[in-house]
Amino acid sequence: MRASAMAHLYLLVTVLSVVIPVSSASHMKNSSVHDLTNYLLTDYSKGVRPVKNWTQATTIYIDLFIHAVLDVDGQNQKLTSSIWYRQMWRDEFLTWNSSQFDGIGEISLPLSVIWVPDIVINEFVEDGKYPDLPYVYVSSSGTIRNYKPMQVVSACNLETYAFPFDIQNCSLTFSSCLHTVNDLNLSIWRSSKEISEDKSIFLNDGEWELVSVPSSYEILHTQGRNFAQVQFNLVIRRRPMLYVVNILLPSILLMTVDLMSFYLPPNSKTRIMFKTSILVGYTVFRVNMVDELPATTLMVPLVGVFFIVCMALMVLSLGKSIFVIKFLHMDKEDTRGALVSQCLSLTKSKHKDDSEQKSLSSTTETEENLDCEGEADRADLFSSTSDDLKMGEILAEVALIRSNMLKMESEETWHNHWLALCYKLDSLLFKAYLLVFTAYAATLGLLWWAWSSYKVY
């Protein structure tokens, strides 16, 4: 019993001997951080630039990572992007000897209690959204690293003329609002090549592709003062495949169908209806695609010009077909008028002959009633004269029919020649239309090909 109690007492002493030093060490560690914080912030003034020699400039190292392109507003000339922004500078009043504080080489301090450079983005047009990160890391040498992600809404000269093969170049310029280069200088944290080719965190599955991020340092001379600034250029390219499939290909197919409609005969009644249906369908398609085009007040995008020219070509095609059909029916109207006049003249001539025959027969009956018995010779002479007159009338009618048949045959031949002329005119206008369409399509295709294969160095 006594041996068991002694064993439990020995175990308790052993545990306490281990726990108490660890707890004491942890308490001492926390005490060291607290003491270091008090040491650094006692008599610290965050309103004074942290240099011991006021003639020495404070250098701010700036770095930038592009996370995503959120929106490109061509109408308002704004770019919304998500970036990861890093700053680094040295505060000469926040240094310590780590051996005096249990080897602490780095601590975090509230951003609100230390001096922070007044670096802004010159292209800001709206307050961006960013998480509140209240702490920064401070090393024993006084180096401060401030990391913050942010959503930037910046002004940008967006050129959408080459849509959907456009490339945009938007700049983000970092500079101080107040301090000149003699007080606050800027520098690029990493090498320009490394920044330009870094796409490690960029979301590459959206509409825009990050081409490069060239960076440069320059001094801005304004109002007799010099300000240091660092500029990062976001070079982005639009992925055109979605717009090619949804906008350009349907337009090209409708134009191809309109070209194929020229193979319908000019005298076909369905040709005008077919072309009108294509024009109406293209108009509806154009109205539905308005929201897909970039809205800009500077200039009309080339794809908008493409739509307008395509519609103008369809209207021209319809007008050409109407002209050819009107030209074709001009001959038919003249022929129909000639035939009607000939029929009317033939009817009038027949009525006149019938009336003369009736008057002649009535005269013959009267003479026979007056002198039936004694005028045999005169009756024979009159009968032979009447037969000759009837024969002459028959011959005249046969000659008139023959003349009309020859005239109709001549008019039919003329109509065939006129139809052949209309076909030739239709073919000539089709070739001219095809030449204009081919030249326009080739020019547009070459421009888009040149823009899509453009490389930014």
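Predicted model, so just to flag it, every value in this text is computed and none were measured.
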>> For F262, does the six-membered ring have the charged nitrogen or CZ of K275 within the cation-pi criterion, i.e. under 6.0 angstrom from the centroid and within 45° of the normal?
In response: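 Ring-cation test returns yes.
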Which heavy atom in [X] sits nearest to a heavy atom in [Y], and how many Å separate them?
X    : Y    : answer
Y85  : D63  : CD1-O, 3.6 Å
V116 : L111 : CG2-CD1, 3.6 Å
R49  : W115 : CA-NE1, 3.9 Å

Check for a donor-acceptor pair, side chain of [X] on one end and backbone N or O of [Y] on the other, with a separation under 3.5 Å.
X    : Y    : result
R239 : W208 : yes
R90  : S141 : yes
Q168 : E159 : yes

Rounded to the nearest 0.5 Å, what separates atom [atom1] in [X] from atom [atom2] in [Y]?
X    : Y    : atom1 : atom2 : value
N288 : T283 : CG    : OG1   : 11.0 Å
C156 : Q77  : SG    : CD    : 7.5 Å
L36  : L109 : CG    : CG    : 7.5 Å
I236 : S81  : CD1   : OG    : 8.5 Å
L186 : E218 : CG    : CD    : 11.0 Å
L259 : L434 : CG    : CG    : 6.0 Å

> Only one of F306, Y243, F307 clears side chain to side chain contact (heavy atoms under 4.5 Å, CB included) with L248; which?
Replying inline: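 Result for side chain to side chain contact (heavy atoms under 4.5 Å, CB included) with L248: F306.
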> Between Y39 and F101, how do the two ring planes meet: parallel, tilted or perpendicular, split at 30° and 60°?
Replying inline: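 Rings of Y39 and F101: tilted, 30 to 60°.
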Return yes when atom [atom1] of [X] has more than 12 non-hydrogen atoms of other residues, nucleotides or ligands closer than 6.0 Å, and no otherwise.
X    : atom1 : value
F65  : CZ    : yes
Y147 : OH    : yes
Y137 : OH    : no
D43  : CG    : no

>> Regarding N182 and R225, do their side chains bring together a donor and an acceptor under 3.5 Å, going by distance alone?
In response: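 There is no such pair between these side chains.
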> Under 3.5 Å, is there a donor-acceptor pair between the S176 and D118 side chains?
Replying inline: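 Yes, D118 and S176 have a side-chain donor paired with an acceptor closer than 3.5 Å.
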> Between Q231 and T173, is a side-chain hydrogen bond (donor to acceptor under 3.5 Å, both in side chains) present by the stated rule, with each step listed?
Replying inline: CA-CA 4 Å; Q231 186 177 83; T173 306; 3.1 Å; yes
